[in-house]
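Below is one structure, written out as structure tokens; comments come after it.
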Amino acid sequence: MSVPSPLEWRKSRSHESSGSAVAPSCAENWSRTTRRWAMRSSSATEAQVRRLLTAAGQAPSVHNTQPWRFDVLHGELLSLSADLDRRLPVSDPRGRSMHVSCGAALLNLRLAARTAGARPALRLLPESEDDPYLLAVVHLAKREPAGRRTRELYDLIPLRHTCREPFDERRLPSEVMAALRTAASREGATLIFLGRHAAAQTLEQVAIAEEELAADLDYRAELAAWTMRRARYDGVPLASHGPRPLTDPPPIRDYGAHDHSMAFEARPQLAVLTTPGNRPLDWLVAGQALQRTLLTAARYGVSASFLNQPLDLRDMRRRTDPHHRRGHPQMIIRLGYGPQVTATPRRPVGDLRLPT
């Protein structure tokens, strides 16, 4: 199954931002602006680029596929592209999860740039004849000191890990929930915390979707390819699968291999991340909002894992969401207070660069 080029997906035009949306320009204007920026900016050093890519590469991604590639275009212009060798053609035929993953990496890159004294200006989904999978271009020339909160979030990048272990029964305080909502809204998304009844319904939907996905041989083969027992640079190793839940319905994804069983929290706390639309631009927005939310959660000692099986099934079956005033769901997140867990493997920084 082939994944269409982003140029085939893009009905809406690209987007340029340095923290807030501005009107997009045409491709010709963008080309002129790129050349103008390149001429007046000095080249980023190799050490600076390595620092940025190290942070970007630590972002969460679907099944830890890390589906991103970066390039230094001119001077202080960096590009982010989708790595099609790391796509999930069965469970992510539209590339939605791939875009969300790349959006999370983009947020990390932005934070790294800010703490280095740059104020990144973004161009999302620019047209490119040379790279049809180009997702974003980042300009780093403008200088501005980073604030304390930005530095705090940057410092949390290597400490944030997906936790598929049982959480304790503590509920998130209202001030923490408010901070997480604010984090998502800063990136143009909405974080909706589910009440007790809605959370129970969602867990049932997750279990039903999990059962249907498990019956699909192609899906199971794809999942197995990214959940090897001893992953070296990518994928989800056995140590990160979490225990087999004794709780029903289970509040974590079943990766098919567990070395022990445990009871999970009786009332998982769930939130849904939504965006106003459901196109590639919205998916990149969702990824940036997701990562800002996860880093903010880490700041409060809150762990997170994901229950996206209903969204995977929707994408596999090419179903569309019914219109909802609160937006299109992009991520289903389980939040709570869990144990410290080890990091999943990451690709070497050199592997993140587009081949020259």
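Starting from 1, each residue takes its place in the sequence as its number. For the numbers below, each heavy atom of this structure counts, side chains included, while hydrogens, waters and symmetry mates do not. Quick caveat, the model's predicted, so the values are computed rather than measured.
Judged purely by distance below 3.5 Å, without hydrogens or angles, the side chains of R334 and T202 never pair a donor atom with an acceptor atom. A donor-acceptor pair shorter than 3.5 Å cannot be found between the side chains of Q330 and N308.
Between H99 and W283, a ring centre-to-centre spacing shorter than 6.0 Å is recorded.
Annotation: side chain of L122 is in contact with side chain of Q288 (closest heavy-atom distance under 4.5 Å). Put simply, the side chain of E187 does not reach to within 4.5 Å of the side chain of T293, judged on heavy atoms.
Side chain of R114 to main chain of A118: a donor-acceptor pair is present (N/O by atom type, distance under 3.5 Å, no hydrogens or angles). Using a distance-only test at 3.5 Å, with no hydrogens or angles considered, no donor-acceptor pair links the side chain of D71 to the main chain of L73. With hydrogens and angles ignored, the 3.5 Å screen pairs a side-chain donor or acceptor of D282 with a backbone N or O of R279. Panel note: side chain R346, backbone G57; a donor-acceptor pair is recorded below 3.5 Å.
Taking the side-chain hydrogen bond (donor to acceptor under 3.5 Å, both in side chains) definition, one finds that D168 meets it with R170, sequence neighbours left out.
With respect to R69 and D131, no salt bridge is recorded, no charged nitrogen being found less than 4.0 Å from a carboxylate O.
Residues L140 and L53 share a hydrophobic cluster, clusters being chains of Ile/Leu/Val/Met/Phe/Trp/Tyr side chains in contact below 4.5 Å.
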* Test salt bridge (charged side-chain N to carboxylate O under 4.0 Å, His left out) applied to E152 and R148, step by step -> CA-CA 6 Å; E152 286 179 353; R148 177 180 59 84; 2.8 Å; yes
* To do: Starting from the C-alpha separation in whole Å, work towards a yes-or-no answer on side-chain contact (heavy atoms from CB on, under 4.5 Å) for R164 and V236.
  => CA-CA 11 Å; R164 301 179 184 88; V236 184; 3.9 Å; yes
* Take R347 and D234 through the salt bridge (charged side-chain N to carboxylate O under 4.0 Å, His left out) test and state the conclusion after the steps. => CA-CA 6 Å; R347 297 158 65 192; D234 50 22; 5.6 Å; no
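In this structure, CG in N64 is found 8.5 Å from OG1 in T162, a value given to the nearest 0.5 Å.
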